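Just so you know, these numbers come straight off a predicted model, no measurement behind them. Note: hydrogens, waters and symmetry copies are ignored here, and every other heavy atom, side chains too, is used. Here is the naming used below: chain letters follow the sequence lines, and residue numbers restart at 1 for every chain.
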Protein chains: 2
Amino acid sequence: MGRPVKSERKSDPRVLVAANGRRAPEVTTDRRAQLVETAAEVFAQKGVGNTTMRDIADEAGILAGSLYHHFRSKDDLLEEVLRSALDELTVAYEKVERSELDAVSALEGLMLVGLRFVTEKEAVTSIVQNDYTYLHDMAAFSFVDDITAVHRKIWRRVLERGVREEAFRADLDLDIAYRSMMAAIVAEVRWRRGRARKPTAEVLAEKHSMFYLHGLVARGKK
Amino acid sequence: MGRPVKSERKSDPRVLVAANGRRAPEVTTDRRAQLVETAAEVFAQKGVGNTTMRDIADEAGILAGSLYHHFRSKDDLLEEVLRSALDELTVAYEKVERSELDAVSALEGLMLVGLRFVTEKEAVTSIVQNDYTYLHDMAAFSFVDDITAVHRKIWRRVLERGVREEAFRADLDLDIAYRSMMAAIVAEVRWRRGRARKPTAEVLAEKHSMFYLHGLVARGKK
DNA sequence: GTCTATAGTAGGATAGAC
DNA sequence: GTCTATCCTACTATAGAC
């Protein structure tokens with residue numbers, strides 16, 4: 001990479017086809033969604049900056065130029081990879097918050113949702129985690145920060161409620177708590193990538209909850 | 001980036017000058033060390049893949065070609081950036097382990113050392129954190145993993161000792177504990193970069209220790 | 001929807017003057 | 001130790017045939 005790319009985003013091919021009134025949308029979406037999936041995998045594997053359109057095309061079994069029939073630019077393709085996945089995550093977090101569980105259960109719920117995302121969308125998680133600098137320096141990807149901010153607010157509200165309801169320690173530093181847990185969840189993707197034995201999100205959530213709820217120190221002591 | 005670069009590493013200018021028997025080593029080192037510092041900053045800011053030799057040269061006030069008088073290649077330069085800093089971190093961790101504190105204090109010590117590194121070497125931490133994929137895919141940078149493995153073993157020994165001495169919970173999952181704390185420490189660099197108010201390592205260590213030692217749950221409850 | 005071919009650009013690295 | 005000039009390579013993106 002390195003060549004600056006301005007994506008201006010205009011029409012979406014799917015909309016055009018839909019307007020024709022033909023084809024099941026599922027099939028229409030297929031090729032495009034399939035390419036997005038492939039791209040996600042390659043971006044995650046090599047890093048966005050080191051991924052060329054040819055890399056993606058190779059993996060998809062076509063030539064680089066053909067990708068431009070589906071996407072306006074490399075950044076356009078990346079945007080589609082990220083936006084679809086992150087929007088799903090928002091919905092899942094919101095569902096936990098709306099469920100009105102007690103604070104401890106709600107936090108466990110958020111953790112499970114976060115870890116499910118990490119385990120089910122390894123590629124996207126890797127991209128967000130590994131290409132942080134790339135994404136943050138390009139105005140075109142500020143939407144990632146916007147979405148992340150929404151997630152943070154949900155977590156914060158649950159933590160605040162926990163303190164208010166005296167389920168969590170009163171002297172808790174909520175910034176530290178949020179940052180630590182989020183960092184740990186996202187970092188899980190680095191431990192599981194390319195590994196044979198991949199623990200399920202449920203197992204990980206159970207362990208993380210245990211760790212964060214009770215801490216390191218043995219109960220009997222102090 | 002994208003162009004594969006093989007660094008083979010041969011003579012070091014400093015050695016040659018030293019062999020001449022002239023100059024204070026400090027002054028001799030200066031220019032090179034200064035360039036390494038500058039490079040670290042630029043790599044951290046833009047990401048390794050998006051940093052060009054011209055970017056670094058601009059920041060240093062020279063032309064791109066001149067950098068090759070000091071370093072054999074871009075990767076060579078990056079290697080120097082990383083190796084010097086990470087070796088220092090190893091020494092600091094080892095010092096904590098040798099001090100034979102009780103497990104809780106030792107863990108607090110490791111945390112402080114880790115956070116001091118993050119706060120004092122923001123650039124290097126950012127690079128290791130953000131260009132994870134780049135570093136892991138190139139054989140030339142496997143030394144980063146080697147060094148990290150040494151750090152992990154030190155942390156693990158302290159955690160294991162804590163459990164043995166019954167300072168830490170017996171049912172602690174050491175993998176989760178280590179990963180979580182390390183992820184949180186390294187992630188701190190993302191929160192402080194470009195921020196006006198930067199908490200000191202000491203303040204952060206105090207807060208992280210509090211959080212990890214005691215967890216979220218209020219004592220009175222459960 | 002994919003191909004061939006290619007324009008246009010930019011980065012890594014080198015050689016030799018100063 | 002830095003500069004000028006340049007080679008080589010590789011990537012993004014486009015145009016038009018099939």
> Taking the nucleotide of DNA chain D with the closest heavy atom to each, which residue, A:G65 or B:A64, is nearer the 5' end?
Replying inline: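 Of the two residues, B:A64 wins.
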> Of A:R54 and A:S66, whose closest DNA chain D nucleotide lies nearer the 5' terminus?
Replying inline: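 Going by which nucleotide is closer to the 5' end, it is A:R54.
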> To the nearest angstrom, how far is B:F71 atom CZ from D:dT2 atom C1'?
Replying inline: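 Roughly 14 Å, once rounded to whole Å.
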>> Quick check for you: among C:dT2, C:dG11, D:dT2, whose closest atom lies nearest to any side-chain atom of B:T52?
In response: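 Nearest to the side-chain atoms of B:T52, counting from C-beta on, is C:dG11.
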>> Heavy atoms from C-beta onward define the side chain here; which of D:dT12, D:dG1, C:dA13 lies closest to that of A:M53?
In response: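 The closest nucleotide is D:dT12.
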> After noting the C-alpha distance and the side-chain angles of A:D55 and A:T52, does the key distance pass the side chain to side chain donor-acceptor pair (under 3.5 Å) rule?
Replying inline: CA-CA 5 Å; A:D55 291 332; A:T52 69; 3.2 Å; yes
[X] side-chain N/O to [N] phosphate OP1/OP2 under 4.0 Å:
| X | N | answer |
| --- | --- | --- |
| A:H69 | C:dG1 | yes |
| A:Y68 | D:dT14 | no |
| A:R72 | D:dT12 | no |

>> Using 30° and 60° as the class boundaries, would you call the ring planes of B:Y178 and A:W191 parallel, tilted or perpendicular?
In response: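 Perpendicular: the ring planes of B:Y178 and A:W191 meet at over 60°.
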>> Checking A:F211 now: which residues fulfil ring pair (Phe, Tyr, Trp, His ring centres under 6.0 Å) with it, not counting sequence neighbours?
In response: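 Checked A:F211 against ring pair (Phe, Tyr, Trp, His ring centres under 6.0 Å); matches are B:Y212.
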>> For B:Y132, give me all partners under ring pair (Phe, Tyr, Trp, His ring centres under 6.0 Å), at least two apart in sequence or on another chain.
In response: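 Scan of B:Y132 (ring pair (Phe, Tyr, Trp, His ring centres under 6.0 Å), adjacent residues dropped) gives B:H136.
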>> Counting the atoms with a prime plus P, OP1 and OP2 as sugar-phosphate, which does B:L63 contact under 4.0 Å by heavy atoms, base, sugar-phosphate, or nothing?
In response: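 Base contact - B:L63 has a heavy atom under 4.0 Å of at least one base atom.
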